[in-house]
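Below is one structure, written out as structure tokens; comments come after it.
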Amino acid sequence: MTELAIVTGAGQGIGKAIAFKLARQGLAVGVLDINAKTAKQTVDELTREGFTAKDYQVDVADENAFATAVDNAIGDLGKLAVFVNNAGVAFIDSIVDSDPAAIRRLIDVNLLGTFWGIKIAAKRFIEQGSGGRIINAASLAGVEASALQSAYSASKFGIRGLTQAASKELAKYQITVNAYNPGVVRTPLRDAIDERTAEIKSKTVLEQQRDVLSEISLGREATPEDVANVVGFFASPEGSYLTGQSILVDGGMEYR
Ligand code: NAD
């Protein structure tokens, strides 16, 4: 029977690279995204390369819809083996100017969406009696917070906390729970962060990007594939003895 990896937010960016990485590791991929069009594009590209994948439109903040999409993917594609809570949103604003609705939505998607994903995955893994791998997107901003990213940083610190708690609770079922903390990855999310930060700090986007680049020891931004490689390791047989960890994938920005 084929084994299944669910990847949320796999319509673009890091999630799309993770979908390809896990497909290359032999898994069928359930591509979940709020954006039906990009989710379908990812699946079209995967199937064109001979991989098995199917797209499901879902908002991870809606627990019931999320659970239904996962059950549909299990019905369509096989036994659940890997579950990646990658979907996330960001906005840049000062605390004093921040909009309550935007903060609530960010927490709903990033923190609660990850909570629901862990809950949904854990229940299915326990039912299967199979063990499993849960892998969550945290961030460098969840290791050291940044000005103008208060809600985002809080959500990502929370995801690291959830990762630790879930790993302790689920270890008895042979379910591992880990997280990845990307630094600067050139995706639409990062473009939006740079544009808004530059605007608030009255710099050009190029100056903002150069300033960030100067903080990266390896002298380059991450590609989505750099991050997907770490997720691939967490999901692989070689990663079976890691749990409760969150690992920086930042080319040397923060040393912990
Ligand atoms: P991105 O914006 O390029 O892609 C995110 C994807 O998630 C999109 O396809 C989007 O449609 C989907 N999505 C958003 N809200 C959703 C929802 N409610 N339900 C389902 N899908 C939803 O972002 P990215 O840069 O690829 O980031 C992926 C993850 O990595 C995020 O959790 C992000 O916070 C984290 N991260 C990114 C960076 C970076 O530099 N790009 C750094 C640290 C952490």
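Both ligands and their constituent atoms are indexed starting at 1 by order of listing.
- Contacts between Thr8 and ligand 1, counted as non-hydrogen atom pairs separated by less than 4.0 Å, are absent for every part of the residue.
- Ligand 1 is never approached by Leu140 to a heavy-atom distance shorter than 4.0 Å.
- Using a 4.5 Å cut-off on side-chain heavy atoms (C-beta onward), Phe20 and Glu225 make no contact.
- Comparing heavy-atom distances from atom 5 (C) of ligand 1 across Gly13, Ala39, Gly88, Ala137 singles out Gly88 as nearest.
- At a heavy-atom cutoff of 4.0 Å, ligand 1 is contacted by both the backbone and the side chain of Val185.
- Protein heavy atom closest to atom 19 (N) of ligand 1, with residue, atom name and distance, is Val60 N, 3.0 Å.
- Contacts with ligand 1 closer than 4.0 Å are made by no heavy atom of Ala141, backbone or side chain.
- Looking only at protein heavy atoms, the nearest one to atom 16 (C) of ligand 1 is Ile34 CG2, 3.8 Å.
- Using a 4.0 Å cut-off between heavy atoms, Lys37 makes no contact with ligand 1 at all.
- Closest heavy-atom contact between Ala235 and Leu22: CB-CD2, 3.7 Å.
- Only the side chain of Lys156 comes within contact range of ligand 1, with a heavy atom under 4.0 Å; no backbone atom does.
- Short contacts between ligand 1 and Val58, defined as distances under 4.0 Å to a heavy atom of the residue, involve ligand atoms 19 (N), 20 (C).
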